[in-house]
Amino acid sequence: MIPVESAPDEEASLPKANGQVLSLPDSKPYDVGGVRFVPFDPVTSTIDDDFAEFRRYDWSRSLVDQASIGPMLTDKALAPFKTVSMSWRDIRVSVQTQTGGVLPCTKKVELKPILRGVTGCAQPGRMLAIMGGSGAGKSTLLTLLAGRMPAGEYEISGELLVNGHGRHLNTFRRIAGFVEQEDRMFAELTVREQLEISARCRLPASMPLEQKMRRVDQVIYELGLSKVADTKVGSFESRGISGGERKRVSIGIELVTNPPLLLLDEPTSGLDSFHAQAVMLTMLRLAREGRTIIATIHQPRSQIFQMFDDLLLLSEGYQVYLGSAKEMVGYFSQLGYPCPAYYNPADFALDLISLSTHSKMLEEQTRDRVAYLEASFSRHRKEMDAKLDEPLDDAMVVKPKEAPRLLSFLTCIGERKYSARWVEQFVILLRRAWSLKLRNRAIIQARVTLNVIYSIALGLIWLNAGRNTLDDRAVAGVIFYLLVNQSFGASSAIVMTYLSERRVVVRERSSRTYRMSAYFLAKSVTEVVLLVALVLFFSCITYWMVGFQPHAASFFIFTVTLTLAAHAAESLTLVASTSVRCEHTASMLASVLLTFSSLFAGFLIAPSIMPVWLRWIRYISFMFYAFAALMTDQFGSLPTLSSSQDPMQVYNVNSLGIGANIGFLILLAVVYRSIAYVGLLLNKQRFQKSL
Ligand SMILES: Nc1ncnc2c1ncn2[C@@H]1O[C@H](COP(=O)(O)OP(=O)(O)OP(=O)(O)O)[C@@H](O)[C@H]1O
Ligand SMILES: [Mg+2]
């Protein structure tokens, strides 16, 4: 704590707010080394007039008293909602960890406890803070409370009630806004666009668009984002808004839906203390409107600590305190740990419950202290348990059958599973996908540049090869190479963009923002449009330089076939990307699939030479059909030659004809896309359903 220095005779002119001298009852000036200090008093300090102003309201009058709240986020169209209370008892979470060598036989599976019996409750109109050192289990507890614990990884036990009843997870996840510790957003979208998508997809379809946009403006204003509203979020590679602003955007994405329950993981991390306070003040206002706010927090400044109603302290997964934030200091002093004068209570608590690893002796001492605090708290828990037994709010019961009907009462979101209609979702996502494609300049530039280089280079290497009818080998060669080139080019672009998008999509899907089908179709449409433009550009240069058949129809068939082949390659890459989680594995798998497709095209090896049991693979290779369509397009109309000279026979081109080959190509692209879609559905993030 830093004392505020002031001259000895300045007592008469103590900090003023709105012209009034504020009393500082506990902040008596003191002398050190002949210098007089006036201690900073977190309770009555006027450094933040906003908070001082806020504290003057009599919140006890009514939880949802609009008049006293002032300019707030509440939009009449979004109210009313019912309140949500949560209580949890003896929550235990463990994770399976693997230790040992690389070989499976040397590996040991251990169960690492993360939470060791945590009890608590959160009530409407109040703000609960979860505090503890790094690795104490705060995020784990909050994720569990938000109903977003990944399935399979963790072992969970305990009891969790929402308004006194077991919760229906799907419904719960829609009414609970969850701001994760890590911000997951599209770097290329502006702050306003991020919020607009959330508002348009998650606010009820019946709400006029103007009102949704007004809501976005309110949130931007309330979170102090007006200055950067039209700035791109940015990423590590391309600078955009600051880290603190990113955090506020993450909060805004959840805030636009006006959720009755808001869970925030480190909402102030990355923020300077002024903005941290502003954000927490917004949370406090929301709480006082009747919402339930639960936040994990690191090192809050004393004024932020003052805002918390309730406090839950964790140390290495053990619970050492639950109760009123104001009473925490008293509680620990009863246990023999008094808080030094003028000390930030949050700093005091963290110092008390953190393990020191500076030396063995210190570690042992701090471990003993934590064990003592945990044992002391366990004794108090009986009292807590009695409290938790009382249903907090019987007015609302989330039961699976009643869930959709109750949703509309609970919050501003609609009764349907997804707030926006499918078509609306599709249009919003199509616009977003298109903006992302165009704004992702690095990828677009790389693809266009490579296309120009390849088209000119191939055109020069095979210059006029098609016009020289004696050189069939060269023409077949360039056809095969073009096919391979365009397929691999399309694939590499997809693997990069899809996997970077997945993190954000998973977050959006976990709060039921849109249907996977709307996302997938919007993405596919955008890809096709871009692909058509790129392949057309490529064909225009290469086709005429190589000197393929000089007919418009042949050129058209060539471009269509090449586009469909590149699209099939993209689809096959999506199959790879959706079937594995790791970016590198997906990229390798995609190139294996494409290499196999090219091996079975018929150009490199005749099917008759292959083992019989492998020959069928060519029927599921898109290059088999694409190569045949391109070859037939170029050589099909030429006079028939002897089998040893006929390129159609030399290169094992099937006799299906152009139409049928293109038909099969389309069919394969659809099949690949469908498999990728199913993969996406199966690979979606699954959550624990046990609590
Ligand atoms: N899937 C996992 N595998 C291994 N360890 C895990 C896993 N999930 C959580 N843990 C461990 O559980 C402990 C608590 O993690 P958690 O993220 O909840 O901590 P935290 O209190 O939020 O920390 P911080 O303040 O640094 O965010 C940490 O030691 C972490 O390493
Ligand atoms: Mg955390």
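Just so we're clear, the structure is a prediction, and the values are computed from it rather than from any experiment. Order of appearance sets the numbers: ligands from 1, and atoms from 1 within every ligand.
- Interface of Glu266 with ligand 1, defined as ligand atoms under 4.0 Å from a residue heavy atom, comprises 25 (O).
- With respect to atom 22 (O) of ligand 1, the closest heavy atom belonging to the protein is Ser139 OG, 2.7 Å.
- Taking only non-hydrogen atoms, the option from Thr140, Val95, Leu142 nearest to atom 3 (N) of ligand 1 is Val95.
- Taking 4.0 Å as the cut-off, Ala136 counts as a neighbour of ligand 1 on heavy-atom distance.
- Protein heavy atom closest to atom 26 (O) of ligand 1, with residue, atom name and distance, is Ser134 OG, 2.6 Å.
- Of the candidates Leu141, Val118, Ile297, Ile130 forms a side chain to side chain contact (heavy atoms under 4.5 Å, CB included) with just one, namely Leu141.
- The aromatic rings of Tyr677 and Phe520 are tilted relative to each other, their planes meeting at an angle between 30° and 60°.
- Using modelled atom types and a 3.5 Å distance limit, the side chains of Tyr514 and Glu508 yield a donor-acceptor pair.
- Side-chain atoms of Ser359 come within 3.5 Å of backbone atoms of Leu362 as a donor-acceptor pair (strictly under, hydrogens ignored).
- Taking atom 14 (C) of ligand 1 as the reference point, the nearest protein heavy-atom neighbour is Gly135 O, 3.5 Å.
- When each atom of ligand 1 is checked for a heavy atom of Gly133 under 4.0 Å away, the hits are 21 (O).
- At the shortest separation from atom 25 (O) of ligand 1 among protein heavy atoms lies Lys138 NZ, 2.7 Å.
- Of all atoms in ligand 1, numbered sequentially from 1 with element shown, those under 4.0 Å from a heavy atom of His298 are 25 (O).
- Nearest approach of Pro300 to Ala346, heavy atoms of both residues: CG-CB, 3.6 Å.
- Taking every heavy atom of Lys112 and a limit of under 4.0 angstrom, the matching atoms of ligand 1 come to 5 (N), 11 (C), 29 (O), 30 (C), 31 (O).
- Applying the 6.0 Å contact sphere to CD of Glu182 captures no more than 12 heavy atoms from other residues, nucleotides or ligands.
- Numbered from 1 in the order shown, with element, the atoms of ligand 1 that lie under 4.0 Å from a heavy atom of Gln181 read 27 (O).
- Taking the six-membered ring for Trp, Tyr331 and Tyr321 have ring centres closer than 6.0 Å.
- Contacts between Ile114 and ligand 1, counted as non-hydrogen atom pairs separated by less than 4.0 Å, involve the side chain only.
- By the criterion of a separation under 2.8 Å, the protein N/O/S atoms near the Mg ion (ligand 2) amount to Ser139 OG, Gln181 OE1.
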